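From a predicted model like this one, the values you see are computed outputs, not experimental measurements. Just follow the structure's listing: the first ligand is 1, and inside any ligand the first atom is 1.
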Amino acid sequence: MLVLSFGGPEGPDDVMPFLENVVRGRGVPRERLLEVAEHYQSFGGVSPINQQNRDLIEALRPVLDVPVYWGNRNWHPFGEDTVRQMHADGVRKAAVFATSAFAGYSSCRQYYEDIKRISFEGGPELIKMRHYGEHPGFVAAMADHTRAALERLGRDDARLVFTAHSIPVTMAETAGPEGGLYEAQLRRSAELVSRALGRTEPWDLVWQSRSGPPQVPWLEPDVCDHLRKIEAPAVVLVPIGFVSDHMEVVYDLDTEARAVAAELGLPMERAATAGTHPRFVEMVRELMEEPEPVPCPLTCCPPPKRRPQA
Ligand SMILES: CC1=C(CCC(=O)O)c2cc3nc(cc4[nH]c(cc5[nH]c(cc1n2)c(C)c5CCC(=O)O)c(CCC(=O)O)c4C)C(CCC(=O)O)=C3C
Ligand SMILES: [Fe+2]
């Protein structure tokens, strides 16, 4: 098993080189990059994502009967190095678990691109497992964590506000073979979580962590703008679009959105991410036992056209 992830810095000096890796050729304005660098620096230059991945791998080891490896796109341990190690260890074939649950360019296609880049002649055959945002294991873990957040808040009249990473509108329109699949899967997953809690009240799906140049439209509304507008007595934020605590969760939700809620006097709790919830860990084993998935068609989730930076 290869756990394939995004990667994140592990100290102050890693932050800029990591960010340069992330945005290479992506047209993200310099000001945005420096702003995000500050988010990382306010946490000592350490992203939570790496420890989350280490914890997940430790939780997977006793559940899977195969060795578990870890490789990233943007930081050490790089996928390239991990696959060389797998080859040296005699691995000929591996299931790939991408730490991203939904369709779309950033969340799915880019992991296929990673697999292609890190594969080599005579090296292990890497088979990416399917999207799992609607899998009963993921849903059960998120429902459990949402229930716990409602309990911490001590009231069940709170509105559930699901959040996911915003993406450019054109990227959302071309997600999946027929388009719109990123948002459609997120809505279905949110509905499943809400139903698992026995709730019939309406919920919201909103977006966070917008990047890119300002003239390019991204999915809206932003979670902070949404909090200012909703008429709800209390809110539970459910980061359904993230499988573990990322900088986007601890900064954009726990720091920024929390400050907005405090300013509004709005009681708010943030549900935990799937992380190492036993049902989520079990899901990975179940995915491995499924027949090999048919890879997405190459026309699905195309990379966005890169415009020169304004
Ligand atoms: C859909 C989606 C996911 C979820 C799917 C998945 O999990 O893969 C995700 C995850 C993540 N994104 C991450 C970090 C960043 N994403 C950036 C930029 C961007 N993200 C985008 C989308 C997504 N991103 C997009 C369309 C861009 C614009 C540039 C481009 O077209 O690529 C930038 C540049 C600075 C900025 O502008 O924010 C950073 C630093 C981290 C690590 C966090 C940590 O360290 O804990 C993680 C897990
Ligand atoms: Fe991102």
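With distances taken over non-hydrogen atoms, the option nearest atom 35 (C) of ligand 1 out of L34, N72, L4, V36 is V36.
Residue S47 has at least one N or O atom closer than 3.5 Å to an N or O atom of ligand 1. An N or O contact shorter than 3.5 Å is missing between Y182 and ligand 1 by distance. Below 3.5 Å of separation, one finds no N or O of D245 facing any N or O of ligand 1. For ligand 1, the polar-atom distance check against Q110 finds no nitrogen or oxygen pair separated by under 3.5 Å. On a distance-only criterion, M247 and ligand 1 share at least one N/O pair closer than 3.5 Å. On a distance-only criterion, E248 and ligand 1 share at least one N/O pair closer than 3.5 Å.
Each of the atoms 46 (O), 48 (C) of ligand 1 lies under 4.0 Å from some heavy atom of I49. In the vicinity of V23, heavy-atom distances shorter than 4.0 Å reach the ligand 1 atoms 34 (C). Contact atoms of ligand 1 toward L19: 40 (C) (distance under 4.0 Å to a heavy atom of the residue). Every atom of ligand 1 is numbered from 1 in the order shown, and the set under 4.0 Å from a heavy atom of Y40 is 40 (C), 42 (C), 43 (C), 44 (C), 45 (O). Listed by number with element, the atoms of ligand 1 under 4.0 angstrom from any heavy atom of I167 are 1 (C). Annotation for ligand 1: atoms under 4.0 Å from non-hydrogen atoms of V22 are 17 (C), 33 (C), 34 (C), 39 (C). Each of the atoms 29 (C), 37 (O) of ligand 1 lies under 4.0 Å from some heavy atom of V28. Close contacts between ligand 1 and S100 involve ligand atoms 5 (C), 6 (C), 7 (O), 8 (O) [criterion: under 4.0 Å to a heavy atom].
Taking 4.0 Å as the cut-off between side-chain N and carboxylate O, E20 and R24 do not count as a salt-bridged pair. Salt-bridge check for K93 with E292: passed, with a basic side-chain N closer than 4.0 Å to an acidic carboxylate O. Between R210 and D222 there is no salt bridge, since none of the side-chain N atoms of the basic residue sits less than 4.0 Å from a carboxylate O of the acidic one. For R109 and E113, the salt-bridge test fails: no basic side-chain N is under 4.0 Å from an acidic carboxylate O. Residues E286 and R279 are paired through a salt bridge, judged by an N-O separation under 4.0 Å between the basic side chain and the carboxylate. Ion pair E201/R159 not flagged as a salt bridge, since none of the NZ, NE, NH1 or NH2 atoms sits closer than 4.0 Å to an Asp/Glu carboxylate oxygen. Ion pair E58/R54 not flagged as a salt bridge, since none of the NZ, NE, NH1 or NH2 atoms sits closer than 4.0 Å to an Asp/Glu carboxylate oxygen. A salt bridge does not link R84 to D81: none of the charged nitrogens lies less than 4.0 Å from a carboxylate oxygen. At a threshold of 4.0 Å, the pair R117-D114 counts as salt-bridged, since one of the basic side-chain nitrogens sits closer than that to a carboxylate oxygen.
Judged by the shortest distance from any of its heavy atoms, Y111 lies inside the 4.0 Å radius around the atoms of ligand 1. Heavy-atom separations between W218 and ligand 1 include at least one value shorter than 4.0 Å.
Between H165 and W218, the ring planes are tilted. Angles from 30° to 60° get that label.
T255 has its side chain out of reach of V250: every pair of non-hydrogen atoms, C-beta onward, lies at least 4.5 Å apart.
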